[in-house]
Protein chains: 2
Amino acid sequence: MIRDSKLSGVLHVLLHMAEADGPVTSETLAKMMQTNPVVIRRILAGLREQGYVNSEKGHGGGWQLSCDLNTVTLHDIYVALGSPAILAIGNRTESPGCLVEEAVNTVMNQAFRDAEALLLARFSEVTLAELSRYLHQRLQNADFCRGHD
Amino acid sequence: MIRDSKLSGVLHVLLHMAEADGPVTSETLAKMMQTNPVVIRRILAGLREQGYVNSEKGHGGGWQLSCDLNTVTLHDIYVALGSPAILAIGNRTESPGCLVEEAVNTVMNQAFRDAEALLLARFSEVTLAELSRYLHQRLQNADFCRGHD
DNA sequence: TATCATGTAACTTATGATATTACATGAACA
DNA sequence: TGTTCATGTAATATCATAAGTTACATGATA
């Protein structure tokens with residue numbers, strides 16, 4: 001994966017689960033994501049604790065959605081992932097002993113806050129259901145995932 | 001340094017140079033930044049190519065500003081640093097072979113673009129001179145840099 | 001009870017940012 | 001003119017973190 005793509009990756013996985021009509025194994029999901037099943041389990045384990053998915057062991061087991069796509073937003077998923085850092089740039093330190101640095105921080109922090117707030121606001125506007133609808137508009141005759149299983 | 005803090009660090013260095021009335025050595029700047037002189041030289045070398053600073057070798061040498069603080073904005077410095085990535089999160093891949101992933105990307109990219117644009121717009125609104133004025137409002141009797149040389 | 005799938009700890013790898021070393025170049029000064 | 005100071009820069013080392021992998025335990029189903 002490139003950079004921190006957890007949110008993007010998780011949404012991908014969730015949409016695939018939404019399309020399936022039964023449990024999907026971490027192995028299947030891992031192939032779609034071109035990663036390792038353990039990585040999938042690790043990520044989904046966090047979402048399960050918060051009620052977004054559930055898992056079953058054994059034959060016929062795997063992962064399923066357990067939330068209402070109409071009420072869960074991208075922001076909810078973002079938070080469920082632990083609210084990872086949004087910005088790649090930031091201040092060198094938040095408690096400098098240097099007045100010059102404090103001045104720089106103060107000025108930049110406002111810009112950082114605003115940009116973050118905008119992004120999160122956009123995330124709040126989109127539900128998983130809307131994302132799924134958007135997918136179906138595009139989905140015509142093709143397979144969900146071309147190029148890999 | 002924490003995360004990608006080049007811009008914040010560079011602004012710190014530039015303001016210190018603005019306060020000095022002669023050339024400042026990379027060793028002095030490095031102490032202020034709690035880093036290595038070579039790191040300072042590497043970063044400032046890029047800015048020098050674009051006319052923001054200049055350097056002199058030998059006795060009495062060091063680094064000086066060579067731009068008009070009133071016209072140079074934070075955005076200019078950001079660009080001079082090579083326009084580093086702003087967002088820590090992003091899409092797994094921009095050219096997926098999977099329609100699900102394409103849908104996710106499309107929806108998220110708009111939010112990413114807007115947030116980036118907002119941040120850069122804010123950077124464009126602030127000149128180095130304004131940053132310096134803000135510093136002087138705060139600067140009363142204290143040393144520029146307490147806690148280290 | 002054999003198989004399948006998750007649960008999870010421990011470990012390995014890959015990557016990128018940062019720091020360091022070492023030495024060359026060139027300017028100022030005595 | 002040679003000593004000192006400071007930059008210029010290549011090469012290397014260190015560090016942190018994300019991602020991937022292995023190994024094995026747990027539990028469900030057939």
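Atoms considered below: every heavy atom in the structure, side chains included; atoms not considered: hydrogens, waters and symmetry mates. Quick caveat, the model's predicted, so the values are computed rather than measured. Per chain, numbering begins at 1; letters A, B, ... match sequence-line order.
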For A:Glu125, the side-chain hydrogen bond (donor to acceptor under 3.5 Å, both in side chains) test, sequence neighbours excluded, returns none
Atom pairs and distances, side-chain donor-acceptor, residues 73-85 of chain B, under 3.5 Å, sequence neighbours left out:
{"unit_1": "B:Thr73", "atom_1": "OG1", "unit_2": "B:His75", "atom_2": "N", "d": "3.2"}
{"unit_1": "B:Thr73", "atom_1": "OG1", "unit_2": "B:Asp76", "atom_2": "N", "d": "3.1"}
{"unit_1": "B:Thr73", "atom_1": "OG1", "unit_2": "B:Asp76", "atom_2": "OD2", "d": "3.3"}
{"unit_1": "B:Asp76", "atom_1": "OD2", "unit_2": "B:Thr73", "atom_2": "N", "d": "2.9"}
{"unit_1": "B:Tyr78", "atom_1": "OH", "unit_2": "B:Pro84", "atom_2": "O", "d": "2.7"}

What's the CG-C1' distance between A:Leu29 and C:dA5, to the nearest Å? 12 Å
Encode nucleotides 23-30 of chain D as B, S and - characters from 5' to 3', where the letter depends on protein heavy atoms closer than 4.0 Å: B to the base, S only to sugar-phosphate, - to neither. ---BBBB-
Of D:dT21, C:dT6, C:dT20, the nucleotide closest to the side chain of B:Arg42 is C:dT20
Quick one about B:His136 and B:Glu19 (side-chain donor to acceptor, distance below 3.5 Å, no hydrogens or angles considered), yes or no? yes
Test of understanding: with side-chain contact (heavy atoms from CB on, under 4.5 Å), list the residues that count as partners of A:Glu130, not counting sequence neighbours. A:Val126, A:Thr127, A:Arg133
Distances under 3.5 Å only, N/O to N/O: pair up the protein atoms with those of nucleotides 12-15 of chain C.
none

Run the side-chain contact (heavy atoms from CB on, under 4.5 Å) test against B:Ala103 and tell me which residues pass, sequence neighbours left out. A:Tyr134, A:Leu135
List the residues meeting side-chain hydrogen bond (donor to acceptor under 3.5 Å, both in side chains) with B:Thr28, not counting sequence neighbours, and say none if there are none. B:Thr25
Check the distance between C:dA17's C1' and B:Ile43's CD1 and give it to me in whole angstrom. 11 Å
Does A:Arg113 have any side-chain contact (heavy atoms from CB on, under 4.5 Å) partners at least two apart in sequence or in another chain, and if so, which? A:Asn109, A:Gln110
My understanding is that only residues two or more places apart in sequence, or in another chain, count here; which of them pass side-chain hydrogen bond (donor to acceptor under 3.5 Å, both in side chains) with A:Asp68? A:Asn70
Return the value, rounded to whole Å, for the distance between atom CD of A:Glu27 and atom P of C:dT3. 16 Å
B:Leu44 CG to D:dT9 P, in whole Å, measures 13 Å
Nearest to the side chain of A:Thr25, which nucleotide is it out of D:dG20, C:dA5, D:dT7? C:dA5
Please list, by residue number, the residues of residues 46-54 of chain A whose heavy atoms come closer than 4.0 Å to an atom of DNA chain C; answer none if no residue qualifies. A:Arg48
Can you name the side-chain contact (heavy atoms from CB on, under 4.5 Å) partners of A:Leu118, sequence neighbours left out? A:Arg122, B:Asp114, B:Leu118
Does a side-chain N or O of A:Ser55 approach OP1 or OP2 of C:dG7 to a distance below 4.0 Å, or not? yes
Qualifying residues under side-chain hydrogen bond (donor to acceptor under 3.5 Å, both in side chains), relative to A:Arg42, sequence neighbours excluded: none
Using whole Å, what does the distance between atom C1' of nucleotide C:dC4 and atom CH2 of A:Trp63 come to? 15 Å
Can you tell me the distance, in whole Å, between the CG atom of B:Asn36 and the P atom of D:dC15? 14 Å
From A:Glu27 CD over to A:Asn36 CG, what is the distance, rounded to the nearest 0.5 angstrom? 9.5 Å
